[in-house]
Amino acid sequence: MSLIVQKFGGTSVADAAKIQRAARRAIRAKLDGKQVVMVVSAMGKTTDILVGLAREVAKTPPKREMDMLLSTGEQVSIALMAMAIHDAGHAAISLTGGQLGLITDSVHTQARIQEISRERISEELNAGKIVIVAGFQGIDESGEIYTLGRGASDTTAAALAAVLGAEICEIYTDVDGIYTSDPRKVPQARKMDVINYDEMLEMAATGAGVMHSRAIEFGKKFGVPIHVRSSLTDQPGTMIMEHKEGLEDVAVRGATLKEDLATIVMSRVQNTPGVAAEVFAEVARNHILVDDIIQNFIEDGKFANIGFSTNQSQGQEALEICQRMAKERGFGPVDLDEKVNKVSIVGVGMRSHVGVASTMFRALSEAKINIDSISTSEIVISVIVREEDGLRALQTVHKAFKLDQPPA
Ligand code: ADP
Ligand code: ASP
Ligand code: MG
């Protein structure tokens with residue numbers, strides 16, 4: 001019997017009517033002869049509201065308690081979803097991450113999935129039930145509750161699809177597919193029918209909030225096609241899958257904006273082997289996410305300024321860690337800038353097209369947008385710009401690469 005995973009994001013389960021609508025969709029798949037696993041997010045803005053409450057009662061809420069708190073959001077929606085399905089005359093059961101055996105590492109609020117047990121889910125599916133799983137949560141070996149990072153219900157869904165051998169992982173959301181850029185920020189953005197894993201992975205990693213990037217990693221590794229589509233219609237959305245046709249024809253597939261960034265620069269770091277390694281080992285030990293690294297040599301190469309970008313929410317913590325290191329090791333002052341954005345362009349075709357970077361930089365300069373720093377990888381070019389220029393920079397590069405027009 002074929003198996004399908006359907007994930008519903010917050011807006012798709014925001015109220016009773018929407019929960020019933022999602023329930024009907026799952027029931028339809030069941031009546032089509034499929035085994036159905038649903039992954040459900042917290043209702044509407046619940047997670048944001050819980051984060052806000054935590055900050056009202058405490059300046060720095062302990063991360064363990066954040067996990068206790070945030071994991072409740074999904075527990076509410078899975079129970080309601082199971083009730084809605086029962087009410088429509090079908091069998092269903094809700095399961096938390098812990099109940100189904102989704103085991104994570106022990107990093108509070110940013111845990112990674114280590115293992116997923118198939119036993120409980122298979123048992124329930126074989127008993128004819130629709131299984132409803134709480135997104136974005138799991139437990140570690142000792143039974144403590146962990147969450148997987150904001151937006152990670154996508155990852156729960158893709159990981160389940162991978163271990164259960166699902167034919168497809170459907171992501172139901174409030175847009176009707178993947179666009180060349182966030183349609184809320186670039187009204188001219190164009191919907192794509194298909195995008196390959198590598199390009200989607202980079203778009204997600206550089207700020208396309210429509211998918212959690214680790215979900216794409218699971219999809220790619222286990223060859224699960226991911227269908228991103230609207231929960232309001234039956235129209236096909238965008239398929240994320242292995243896809244080679246016409247891949248090299250366009251240089252740039254999409255443009256992204258990352259807004260919640262901060263940069264840290266450590267000045268006068270000794271330019272001797274091993275120093276950068278030690279610095280970044282210490283940053284990693286503290287679970288600070290490093291987005292891009294920037295290094296400049298000064299004073300004839302005797303010293304370097306080493307900088308990196310990180311999530312804005314980790315900026316203060318990163319600053320304290322770097323200041324401690326600077327004091328211990330005799331570096332110069334450490335600077336935190338919380339007013340930066342990153343604009344990126346993504347495309348596999350970049351590898352075989354020339355002049356992509358110069359087109360991007362020229363467009364930004366003509367728009368009088370100053371570039372703070374540049375980073376590149378094989379299929380991505382990113383620039384850090386001032387926060388106030390971020391949106392305009394995104395729209396400028398989207399236009400420069402004619403992303404609003406279908407590829408020739
Ligand atoms: P959900 O709650 O269903 O997980 P999200 O808010 O996480 O939904 O993701 C959907 C949103 O992602 C859209 O409303 C859209 O504004 C945003 N988005 C960002 N980049 C893109 C893109 N390239 N294509 C489509 N949507 C995007
Ligand atoms: N509810 C969580 C969040 O808002 C997880 C998710 O929706 O994917 O981040
Ligand atoms: Mg999401």
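Atoms within a ligand are numbered from 1 in the order they appear, just like the ligands themselves.
- Ligand 2 has at least one atom lying under 4.0 Å from a heavy atom of Glu74.
- On a distance-only criterion, Gly151 and ligand 2 share at least one N/O pair closer than 3.5 Å.
- Between Pro183 and ligand 1 there is a heavy-atom distance shorter than 4.0 Å.
- Look at Lys191 and you'll find every heavy atom at least 4.0 Å from all atoms of ligand 1.
- Contacts between Val175 and ligand 1 below 4.0 angstrom, taking non-hydrogen atoms only, involve the side chain exclusively.
- Ring geometry for Phe308 against Phe280 counts as perpendicular: the plane angle is over 60°, on a 0 to 90° scale with 30° as the lower cut.
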Steps toward salt bridge (charged side-chain N to carboxylate O under 4.0 Å, His left out) verdict (Glu278, Arg285): CA-CA 10 Å; Glu278 283 171 32; Arg285 236 190 323 276; over 6 Å; no

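- Residue contacts with ligand 1: Thr180 is placed with no nitrogen or oxygen under 3.5 Å of a nitrogen or oxygen of the ligand (distance criterion only).
- In terms of polar-atom proximity, Arg150 is counted as a contact of ligand 2, with an N or O under 3.5 Å from an N or O of the ligand.
- Residue Lys7 touches ligand 1 through its side chain alone, judged by heavy-atom distances below 4.0 Å.
- Close contacts between ligand 2 and Thr47 involve ligand atoms 1 (N), 2 (C), 3 (C), 4 (O) [criterion: under 4.0 Å to a heavy atom].
- In this structure, Gly177 counts as a contact residue of ligand 1, since one of its heavy atoms falls inside 4.0 Å of the ligand.
- Atom 10 (C) of ligand 1 has its closest protein heavy atom at Asp174 OD1, 3.3 Å.
- Contact atoms of ligand 1 toward Gly10: 2 (O) (distance under 4.0 Å to a heavy atom of the residue).
- Considering backbone and side-chain atoms together, Ser12 places no N or O closer than 3.5 Å to any N or O of ligand 1.
- Within the 4.0 Å heavy-atom shell around ligand 1 one finds Ser181.
- Asp67 and Tyr146 share no donor-acceptor pair across their side chains, judged by distance under 3.5 Å alone.
- Ligand 2 does not have Gly10 within reach: every non-hydrogen atom of the residue lies 4.0 Å or more from it.
- Considering backbone and side-chain atoms together, Asp154 places no N or O closer than 3.5 Å to any N or O of ligand 1.
- Ligand 1 has no N or O atom lying under 3.5 Å from any N or O atom of Met203, backbone or side chain.
- The presence of a protein heavy atom under 4.0 Å from atom 24 (N) of ligand 1 is confirmed.
- Take Arg118 and apply the salt bridge (Lys or Arg N to Asp or Glu O under 4.0 Å) test, not counting sequence neighbours, and it matches no residue.
- Under a 4.0 Å criterion applied to the non-hydrogen atoms of Ser153, ligand 2 contributes the atoms 5 (C), 6 (C), 7 (O), 8 (O).
- The minimum heavy-atom distance between Gln6 and Ala29, with the atom names listed, is NE2-CB, 4.0 Å.
- Atoms of ligand 2 found under 4.0 Å from any heavy atom of Ser41 (numbered from 1 in listed order, with element): 6 (C), 7 (O), 8 (O).
- Taking the six-membered ring wherever Trp is involved, the centroid distance between the rings of Phe331 and Phe303 does not fall below 6.0 Å.
- Residues passing the ring pair (Phe, Tyr, Trp, His ring centres under 6.0 Å) test with Phe136, sequence neighbours excluded: none.
- When Val210, Thr47, Ile178, Val13 are ranked by how near their heavy atoms come to atom 27 (C) of ligand 1, first place goes to Val210.
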